Amino acid sequence: MDYSRGFPSARTRDVSLQELSNRLAEFAEVRGWDQYHSPRNLLLALVGEVGELSEIFQWKGEVAKGLPNWSSDDKEHLEEELSDVLLYLVRLADVCGLDLGQAALTKILKNAQKYPVTNDHNPTSNCN
């Protein structure tokens, strides 16, 4: 697969975690990177990317939903860093032999039991 070109169809359809996992596995395999993709190494890379994502927000204070005051360059930078975090997370789950999508759905169900709907809609309540 030629990764030098973009994937324009990705903008017009939902992309599954399985598709991302498959593409990442192929991407790593053709480059000989599998040898470096141990769970530990992927986790450390993920933490580094989360740090880069955090830097974007570090001095901005509260940010409005939709980022109305952000430039297109700032939004593109955010998009890239969020993507880096997602890709490392998906790759880590795959290397560990986990179904991340199913695990996330299971976690939502557990959270629903742990935090049942009440009249108190406290926005600061914990969701994990």
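Scope of the values below: all heavy atoms of this structure, side chains included, with no hydrogens, waters or symmetry mates. One is the number of the first residue; the rest follow in order along the sequence. In this text the structure is predicted, and so the values were computed from the model without any measurement.
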Checklist entry - CD/Gln102 to CD/Gln18 distance, rounded to the nearest 0.5 angstrom? => result 12.5 Å

Checklist entry - Say you draw a straight line from OG of Ser21 to CG of Leu98; how long is it, rounded to the nearest 0.5 Å? => result 10.5 Å

Checklist outcome for this item: For Ser71, the side-chain hydrogen bond (donor to acceptor under 3.5 Å, both in side chains) test, sequence neighbours excluded, returns Asp74

Item to check | With sequence neighbours excluded, residues passing side chain to side chain contact (heavy atoms under 4.5 Å, CB included) with Ser38 | outcome: Arg40, Asn41

Next on the checklist: Return the OG to CG distance between Ser83 and Leu78, rounded to the nearest 0.5 Å.
Outcome noted: 9.0 Å

Checklist entry - When rounded to the nearest 0.5 angstrom, what distance separates NE2 in His77 from OG in Ser72? => result 13.5 Å

Checklist entry - So which heavy atom on Leu87 is nearest to which on Leu20, and how close? => result CD2-CD2, 4.1 Å

Checklist entry - Does some side-chain heavy atom of Ser16 sit less than 4.5 Å from a side-chain heavy atom of Glu19? => result yes

Next on the checklist: Tell me whether Lys110 at atom NZ has more than 12 heavy atoms from other residues, nucleotides or ligands lying less than 6.0 Å away.
Outcome noted: no

Next on the checklist: Are Val85 and Val63 linked, directly or through intermediate hydrophobic residues, by side-chain heavy-atom contacts shorter than 4.5 Å (ILVMFWY only)?
Outcome noted: yes

Checklist entry - Under the side chain to side chain contact (heavy atoms under 4.5 Å, CB included) test, which residues partner Leu89, sequence neighbours left out? => result Leu46, Leu100

Item to check | Listed once per pair and sorted, the salt bridge (Lys or Arg N to Asp or Glu O under 4.0 Å) pairs that draw on residues 80-105, sequence neighbours left out | outcome: Asp34-Arg91, Arg91-Asp94

Item to check | Residues which pass ring pair (Phe, Tyr, Trp, His ring centres under 6.0 Å) with Phe57, listed by chain and number, not counting sequence neighbours | outcome: Trp70

Item to check | Pairs where residues 43-54 contributes a residue and the test side chain to side chain donor-acceptor pair (under 3.5 Å) is met, not counting sequence neighbours | outcome: none

Checklist entry - Are Leu44 and Tyr88 connected, step by step, through hydrophobic side chains (Ile, Leu, Val, Met, Phe, Trp, Tyr) whose heavy atoms are closer than 4.5 Å? => result no

Next on the checklist: Is there a path of hydrophobic side-chain contacts, each under 4.5 Å between heavy atoms of I/L/V/M/F/W/Y residues, joining Leu86 to Leu105?
Outcome noted: no

Checklist entry - Taking atom CZ of Arg31 and atom OH of Tyr36, what is their separation to the nearest 0.5 Å? => result 14.0 Å

Item to check | Test side-chain contact (heavy atoms from CB on, under 4.5 Å) applied to Glu55 and Gln58, step by step | outcome: CA-CA 5 Å; Glu55 286 176 353; Gln58 187 170 9; 4.1 Å; yes

Next on the checklist: How long is the straight-line distance from NE2 of His37 back to CG of Leu24, given to the nearest 0.5 Å?
Outcome noted: 8.5 Å

